[in-house]
Amino acid sequence: MSFRTTASHPALILDDVRGAQKMLSGVARVTALEGSRHLTELVGSPVHLKCENLQRTGSFKLRGAYVRISGLTPVERAAGVVAASAGNHAQGVALASSLLGVRSTVFMPVGAPLPKVAATREYGAEVRLHGQVVDETLAAAQQYAEETGAVFIHPFDHPDIIAGQGTVGLEILEQCPEVRTIVLGIGGGGFAAGVAVAVKALRPDVRIVGVQAEGAACYPPSLAAGHPVSLDSPATMADGIKVGRPGDVPFRLIEELVDEVRTVTEDELSSALLLCLERAKLVVEPAGASPVAALLSDPQAFRGPVVAVLSGGNVDPLLMQRILRHGMSAAGRYLSLRLRLTDRPGALAALLAALTVADANVLDISHVRTDPRLGLTEAEVDLHLETKGPQHCAEVEAALRAAGFRVMG
């Protein structure tokens, strides 16, 4: 594909994204747009979920990778391609290369989740594990490109990648022509930049809101400074948007076209992932749930109809287990209490009976009878309970106090 250029950066236009859409016909799925009754009630206007978590390879990354590799010359294709990724980009490059008959090598961090490593291999890539963090993996991939002549496929900082990701924006306008706000996660910025190019060209009135994890929010300081700024040590469970520096190409497009960049906390990401699973019956990774987290944190800030893009669903089952526990805790579904009781026969049974009446499920219990902090006739109980939400937590605690138990906290 060819792009207009300025002195500072390649400038994508609507035709570039439309060209990418034609190229992706029969390759990338036109993913579903699902309504969310819960979010609609919360926001006060229609909210739809764009399900890129159901895309081939489990994320939007296939779109950009396929367009980028399709644009290589025969000589470049013969040299093969190389990429670095903790998961989604790795799988996108692996499948795109296989479909196009190009040899691919993908560097992944040593601690990358085993399901993502296995999927990348199954899509046809040679996987090399290197480095503890993505920056080390990225450096290894770039060194490999220099040594072998393989073409390095950047995850977000290239016009072809951005044009491919922008096809999601065209689909949103086709599926929801009345849309007024689009909310999507931002890592390096390739996805948000591509969607913004497509949408703003056709519907400049549509508000585009990017979302970053609070611990890996490189765009707010970069936008304030007017140029990409690097974070020292980004930290978030949302590895799909855990990027320490905006890409040079997407930064200028986001600066010009994206209306707002918001941040969300880890607790909000956990709650959003849990909501997607419980209410929408969709498995979404933390980065993919970031737009939902933004809606949950400030629902009145979004003018509807709203489309929230669930950008990916590749989450390691072990991480999912931890996130769900954290999400349930953040949503008030767990309650931890420490109580003092009289150390006599039947006291613990009476406590459990009171919890039964309060309809609280005991997940874990610790009963301590010998401790210097306790009186001669005292025992201490630590409880971890499953509840129905914040109001039920308050009701359980009140019921225990009313039953005569001394609640320490």
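Values reported hereafter were calculated over all heavy atoms of this structure, with side chains retained and with hydrogens, waters and symmetry mates removed.
Applying the salt bridge (charged side-chain N to carboxylate O under 4.0 Å, His left out) rule to Lys242 yields no partners; only residues at least two apart in sequence or on another chain are considered. Every residue was checked against the ring pair (Phe, Tyr, Trp, His ring centres under 6.0 Å) condition with Phe405, not counting sequence neighbours, and none meets it. Residues that satisfy the salt bridge (charged side-chain N to carboxylate O under 4.0 Å, His left out) test with Glu268, not counting sequence neighbours, are absent from this structure. Under the ring pair (Phe, Tyr, Trp, His ring centres under 6.0 Å) criterion, Phe156 pairs with His154, sequence neighbours left out. Residues that satisfy the ring pair (Phe, Tyr, Trp, His ring centres under 6.0 Å) test with His384, not counting sequence neighbours, are Tyr334. Checked against salt bridge (charged side-chain N to carboxylate O under 4.0 Å, His left out), Arg56 has no partners two or more places apart in sequence or in another chain.
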Take Glu397 and Arg401 through the test salt bridge (charged side-chain N to carboxylate O under 4.0 Å, His left out) and record every step on the way to the result.
CA-CA 6 Å; Glu397 189 169 343; Arg401 293 183 189 279; 2.9 Å; yes
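Pairing each heavy atom of Pro246 with each of Val229, the nearest pair is CD-O, 3.5 Å.
Taking the side chain as every heavy atom from C-beta outward, Val106 and Glu126 never approach each other to under 4.5 Å. Within the 4.5 Å cutoff, the side chain of Arg180 has no heavy atoms near those of the Val306 side chain.
For residues 90-116, the set of pairs meeting the ring-ring contact (aromatic ring centres under 6.0 Å, His included) definition, not counting sequence neighbours, comprises Phe107-Tyr144. Listed by first then second residue, pairs satisfying side chain to side chain donor-acceptor pair (under 3.5 Å) with a partner in residues 33-42 read His38-Arg279, not counting sequence neighbours. Sorted by first and then second residue, the ring-ring contact (aromatic ring centres under 6.0 Å, His included) pairs involving residues 266-312 (not counting sequence neighbours) form an empty list. Listed by first and then second residue, the ring-ring contact (aromatic ring centres under 6.0 Å, His included) pairs involving residues 167-216 are Phe60-Phe191 (not counting sequence neighbours).
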Below 3.5 Å, can you tabulate the donor-acceptor pairs from side chains in residues 355-366 to any protein atom, sequence neighbours excluded?
from   : atom 1 : to     : atom 2 : distance (Å)
Thr356 : OG1    : Leu352 : O      : 2.9
Asp359 : OD2    : Lys388 : NZ     : 2.4
Asn361 : ND2    : Glu386 : OE1    : 3.2

Listing, residues 281-290 side-chain donor-acceptor contacts under 3.5 Å, not counting sequence neighbours, or none:
from   : atom 1 : to     : atom 2 : distance (Å)
Lys281 : NZ     : Glu278 : O      : 2.3
Glu285 : OE1    : Asn88  : ND2    : 3.2
Glu285 : OE2    : Asn88  : ND2    : 3.0
Glu285 : OE2    : Gly313 : N      : 3.2
Glu285 : OE2    : Asn314 : N      : 3.0
Ser290 : OG     : Ala287 : O      : 2.7

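Under the 3.5 Å distance criterion, the side-chain polar atoms of Thr137 are matched with a main-chain donor or acceptor of His130. Judged by distance alone, the side chain of Arg29 and the main-chain N or O of Leu54 form a donor-acceptor pair under 3.5 Å.
Looking at Leu95, Ile161, Leu100 one by one, the single match for side chain to side chain contact (heavy atoms under 4.5 Å, CB included) with Tyr66 turns out to be Leu100. Under the side chain to side chain contact (heavy atoms under 4.5 Å, CB included) test applied with Arg68, the options Val81, Asp160, Val93 reduce to a single match, Asp160. Under the side chain to side chain donor-acceptor pair (under 3.5 Å) rule, Thr31 has a single partner from Lys50, Gln175, Gln55, which is Lys50.
For the atom pair OG (Ser85) and NZ (Lys61), the distance works out to 7.0 Å, reported to the nearest 0.5 Å.
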